[in-house]
Amino acid sequence: MPQDFSTLRINPDRMLDAFNQLASIGATPDSGVDRPSLSEAHLAARKWFREHIEQSGFEFHTDGAGNHSAVLPCDDSSAPTLILGSHLDSVPNGGRFDGALGVMAALEVLKTVRENRIKLKVQLEAMDFTDEEGTLVGLLGSAALAGHLRQEDLQNPRGGRDRLLEGIKRAGLSESGMLSAARKKDSLAGYLELHIEQGKRLESAKKDIGIVTAIVGIWSYRLSFIGKADHAGTTTMEDRRDASLGASSFTLEARELVLREFPNSVVNVGKMEFAPGAFNIVPERVDVSLEFRSPNDEEFNQLNSALLDLAREEAERFGLELKTEFLGKHSPSLMSEIARTAFAEACNTLQLSRIDLSSGAGHDGQSLADLCPVGMIFVPSVDGASHSPREFTKWQDCVNGANVLLQAALRLAG
Ligand code: HGY
Ligand code: MN
Ligand code: MN
């Protein structure tokens with residue numbers, strides 16, 4: 001008769017204590033965190049995570065991609081692994097919940113399973129994936145673990161090759177190590193992740209849990225609008241080939257294009273870098289960090305052509321040259337029915353309200369979705385804030401999420 005774990009719960013105070021210790025690493029004055037992947041602050045967080053894993057009596061595991069994890073083995077050493085996790089890296093000046101909550105909840109699940117001496121048929125692993133946020137490559141650790149990482153992904157990454165190589169060196173990793181970090185396909189029993197929603201839907205619907213149906217795809221480019229440096233005072237307005245005009249008109253028109261023709265997609269210009277960059281020089285070059293997202297693959301090709309055509313038109317309009325550099329992509333992915341059912345049953349056990357939600361954010365699960373059953377749940381973000389120190393989730397919602405993760409893991413691992 002299978003044991004009944006329906007009354008089992010995580011230890012909220014123990015999880016809160018670990019969460020707060022972690023949040024103090026790379027903390028920013030306004031209660032956010034600044035832990036870009038493989039930065040000093042991220043490596044400090046990983047050092048803390050490893051020490052906490054070992055002090056908690058778990059096996060510590062790391063791989064060529066720098067992924068850090070705690071392992072709770074089961075009796076059968078040849079059994080596959082159910083990974084629970086997320087990421088400890090953050091966007092620059094980000095929030096303390098994005099990624100961190102998922103890793104702390106995963107570790108708390110391992111602690112709860114072990115202290116209740118629950119015998120599982122699979123190994124359990126609590127994971128911190130490298131560079132989920134793409135300040136270097138994007139979904140780097142999970143892509144490496146899944147065997148999807150290629151040398152070309154490391155050649156011209158969206159965070160810049162120099163910064164990637166600096167991070168690799170600082171972390172004591174190597175490109176060859178990253179490229180050989182793949183797990184055997186049949187070694188994974190599944191992947192479950194708890195994450196903050198980073199949007200307003202749960203809060204507006206007054207629901208406790210979002211069960212993720214699909215994760216959006218993301219393509220990245222660097223667009224360079226190139227004109228001519230000139231004296232800002234003596235060059236007539238008609239004579240200027242001002243790179244800023246192409247970059248800014250493209251940005252405005254790209255938004256209109258997506259609103260008009262691609263209502264299920266989004267486009268973002270997260271950074272513009274001016275060169276030479278002085279008050280009294282007409283901008284010679286503006287590099288634009290372009291990212292666009294869509295829930296379906298077919299739409300990407302149309303969106304891609306429409307945006308590049310627009311960039312060419314705007315460059316021409318202002319007499320500029322245009323250079324485009326493709327910086328990588330992640331395909332959209334569907335979440336597994338097995339995982340979604342396990343999460344739904346867990347919500348019923350815990351009497352938590354739920355809705356199905358698609359994810360407009362990228363997540364590590366999309367690296368693993370073709371290898372094993374992958375599932376995600378969201379908990380409410382206050383005012384939908386994320387990727388900002390304003391990011392906040394009520395602790396009871398964090399505890400609810402961790403309990404749903406526990407109950408779903410027991411279903412998949414049982
Ligand atoms: O950017 C994203 O979608 C995620 O937060 N990495
Ligand atoms: Mn995240
Ligand atoms: Mn994020």
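Numbering of ligands and ligand atoms starts at 1, following listing order.
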>> Does Leu310 have more than 12 heavy atoms from other residues, nucleotides or ligands lying within 6.0 Å of its CG?
In response: yes

> What residue among Phe378, Phe19, Trp395 forms ring pair (Phe, Tyr, Trp, His ring centres under 6.0 Å) with Phe97?
Replying inline: Phe19

>> Under a 4.0 angstrom heavy-atom cut-off, which atoms of ligand 1 come close to Ala361?
In response: 3 (O)

>> So if I count the atoms of ligand 1 from 1 in the order they appear, which ones are less than 4.0 Å from some heavy atom of Glu133?
In response: 4 (C), 5 (O), 6 (N)

> Looking at residues at least two apart in the chain, or sitting in another chain, which of them share a side-chain hydrogen bond (donor to acceptor under 3.5 Å, both in side chains) with Ser336?
Replying inline: none

>> If you consider just the N/O/S atoms, which atom of His387 is the closest one to the Mn ion (ligand 3)?
In response: NE2

>> I'd like to know if the side chain of Arg161 reaches the main chain of Leu154, judged simply by a donor and an acceptor atom lying under 3.5 Å from each other, with no hydrogens or angles considered.
In response: yes

>> Would Arg114 and Phe58 count as a cation-pi pair here, with the cationic atom under 6.0 angstrom from the ring centre and within 45° of the axis?
In response: yes

>> Restricting to distances shorter than 2.8 Å, give the number of protein N, O or S atoms close to the Mn ion (ligand 2).
In response: 3

> Any heavy atom of His387 sitting closer than 4.0 Å to ligand 1?
Replying inline: yes

>> Measuring centre to centre across the rings, with the benzene-like ring taken for any Trp, is Phe225 within less than 6.0 Å of Phe318?
In response: no

> What protein heavy atom sits nearest atom 4 (C) of ligand 1, and how far away is it?
Replying inline: Gly362 O, 3.4 Å

> Pairs in or reaching into residues 166-203: which pass ring-ring contact (aromatic ring centres under 6.0 Å, His included), with residues at least two apart or in two chains?
Replying inline: His87-His195, Phe129-Tyr191, His195-His363

> When you measure from atom 1 (O) of ligand 1 to each heavy atom in Arg293, Glu291, His87, which option holds the nearest one?
Replying inline: Arg293

>> For Thr81 and Gln123, which I'm curious about, is there any donor-acceptor pair between the side chains at under 3.5 Å?
In response: no

> Residues in salt bridge (charged side-chain N to carboxylate O under 4.0 Å, His left out) with Arg170, at least two apart?
Replying inline: Glu40

